[in-house]
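One-based numbering, in listed order, for ligands and for the atoms of each.
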Amino acid sequence: MTAQLNYLMCAPDHYDVDYVINPWMEGNVHKSSRDRAVEQWQKLYGVLKGLVNVELVTPEKGWPDMVFTANAGLVLGDKAVLSRFLHKERQGEEPYFKAWFESKGFTVFELPKDLPFEGAGDALFDRSGGWLWAGYGFRSELDAHPYLAKWLDVEVLSLRLIDNRFYHLDTCFCPLTGGYLLYYPPAFDSYSNRLIEMRVPADKRIAIEEADAVNFACNAVNVDRNVVMNKISDRLKQRITNAGFTVIETPLTEFLKAGGAAKCLTLRTIEVPIAAESSDQAIEQGGVEARIVELTGHLLDSGIINRALDLVTDNGGSFQVLEFNLGEQRQSTSLARIRISAPSHDLMETIMGELIEIGAVLQDRDTSDANLEPVLQDGVAPDDFYVSTIYPTDACVDGEWIRCTNQRMDAAIAISPDGKTATCKLLRDLVVGDRVVVGYDGVRTVRKPEARDTAKKEEFSFMGAGVSSERRVELVVEQIAWELRQIRDRGGKLVVSCGPVVVHTGGAPHLAYLIREGYVQSMLGGNAIAVHDMEQSSMGTSLGVDLKRGISVKGGHRHHLKVINSVRRYGSIHKAVEAGFVKTGVMYECVKNDIPFVLAGSIRDDGPLPDTVMDLLEAQRLYSEQIRNADMILMLSSMLHSIGVGNMTPAGVKMVCVDINPAVVTKLSDRGSVESVGVVTDVGLFLSLLVQQLKKLDSPVAVAA
Ligand code: ARG
């Protein structure tokens, strides 16, 4: 017996499954046998008494889960942090455990109200390093962890649980003597898995399979080289034995029905503080961080507050609403001050980035100024540079908020030497001496106040899901046609970015119609769209396929090279059109109607056409020039060009993305801009419907109707 170790248990006199507060209890209410439970508990008690000193707390009637003493609190030295149960079903256990701790001379710490923490069920000391692994996500709150760190003076590593079957850390995680760790990796998010892998060397990690995990193999009591647990697979038993442990199995099926096993039924009440090995590591790898942000706007109506809080928890953070002033009138805005915590600096950065994107402003420093750092090498930003988004952005310099020019995503924000202007600059355009915004302080993105109404519109345009079903395509087309009409009639700007699929699917004549009728003000594409469009108009095929008859033409695969060759002979697309070589189609209409086009080259281009810009930086520049002041961008089946275009486009420009591949559509409409519409359909079909719709708008019958 390891006499110096004390464990606390509670006899199952009143044990039952009375309610459901975890998935194991579902379907098991009043299905457990008291006799068998007593028998199994006695067995465990017997085994443990042979190893350690076991103390007992008096079971209380009406608190059936009190047998699970792991949830009484967390002990270190002479201190005990009392549990604050999440569920009212267990909150009544608190005073009994508190009295017990006090009777034994522990100094009892109590967390603020509404800050749940379920004791040693969610907090386990590493057996070699001297830090505390603390779980959160279901029962305990991340914000409880800094209290543990402070009160127990220990480094806390927060692990996020993501599978509700493993709702307490001790159901899927068991540090063992000698630095070993028995655990079930899928119960944790990827960040937590990374943290575990950083702290526990591979040869000490015993990752278990689901079949053992659901038998609560991780819910083991480890005393020196003994591991006491419910029945497990022979394979796992062998692995644990190979690591130098003795596995003692004892059946605990009656307690599994309540979601607990060996470890849950015990609380180690002697935990000796171990000196932390290296505190530098602690700062680098863990530690809950907190920041305060403010959000203003139609927070409820627009759903922004939900989005903000969801994104915090989705990223493994936690929050506390410090203040919420609800605007009273329909038109009045609300204000929320929220304290955000995250288990690490990295995750805090991710959360801040996303919060700022939806309009939050950091508000916890004396100054609201952005942090600026100089560029030390041409074309290279300082680490931590703020990465711009598509939304109008302000940076605060010397107490003044200034609006960025050239707004686009994925750029750095450079501040002029006099501190008066801010510009989105691509990395390659940065020069030594530029000052660039780093971090998230003093940066805000500005949302249109009318954003409140977009929720409805979004739904109508099938954004969000990003994808629309075929049946609804016609509806969307109707709306787009209407908008195209309006843009044209008020002298606005429509930019089309398109791929060769437009031609292959028979859409070229329709796109040509749009250009001819004045709907298109700029055309962006690559080498291929132009090649196949001119192949079709001069030879009747696209990639060698006769589009009228739908069959490949003998030798047709060479047609496009012939076309390229001819156009190269003429010297340019314009000259080929003027010379009558090209008589119809997209490129023809562009030339005839003086519509500027930019063809951006790529590695796979044949030829290329004389007009194709093979200098990519130059092509990007020309594209962004064309996009300036666009009202709408129609992206037709070219992932490559459309994503390029998307990156250069500020919020507020409506983007319609049409592709047969839902993944492409989702990718593009997922830029988070409410102005995006995704349509999953054949692009040829889309264009034909669009033209039909536009013609309908032209006909007097439609006007009368
Ligand atoms: N029915 C109890 C609950 O859901 C089981 C607790 C198990 N305890 C543990 N440390 N995992 O709270």
task = Measure from the ring center of W41 to the ring center of Y45 and say whether it is less than 6.0 Å.
result = yes

key: Identity and separation of the nearest protein heavy atom to atom 9 (C) of ligand 1   = C264 SG, 2.8 Å

inquiry  = Check this for me - ligand 1, E118, N or O atoms closer than 3.5 angstrom, yes or no?
reply    = no

request  = Record the part of Y167 in heavy-atom contact with ligand 1 below 4.0 Å; permitted values are side chain, backbone, both and neither.
outcome  = side chain

Atoms of ligand 1 close to T171 [distance to a heavy atom under 4.0 angstrom, numbered from 1] = 11 (N)

note = ring pair (Phe, Tyr, Trp, His ring centres under 6.0 Å) filter on Y184, not counting sequence neighbours, yields F166

request  = Answer side chain, backbone, both or neither: which part of M25 comes under 4.0 Å from ligand 1, heavy atoms only.
outcome  = side chain

task = Output the list of atoms in ligand 1 that are nearer than 4.0 Å to some heavy atom of I21, sorted by atom number.
result = 3 (C), 4 (O), 12 (O)

message = With a heavy-atom distance limit of 4.0 Å, tell me whether K263 approaches ligand 1 through its side chain, its backbone, both, or neither.
response = neither

message = Taking side chain to side chain contact (heavy atoms under 4.5 Å, CB included) as the criterion, tell me which of N193, D163, I162 meets it with F188.
response = N193

request  = May I ask you to decide if I356's main-chain N or O and T445's side chain share a donor-acceptor pair within less than 3.5 Å?
outcome  = yes

request  = Count the heavy atoms of every other residue, nucleotide or ligand shown that sit under 6.0 Å from CZ of F109, and state whether that count exceeds 12.
outcome  = yes

ask   = Does the gap between the ring centers of F85 and W63 come in under 6.0 Å?
value = no

inquiry  = I'd like to check whether A258 has a polar contact with ligand 1, where a contact means an N/O of the residue lying under 3.5 Å from an N/O of the ligand.
reply    = yes

key: For atom 2 (C) of ligand 1, the protein heavy atom that lies nearest, with its residue and separation   = D65 OD2, 3.3 Å

task = Scan for ring-ring contact (aromatic ring centres under 6.0 Å, His included) pairs involving residues 223-270, sequence neighbours excluded, and state none if there are none.
result = Y15-F255, Y180-F245

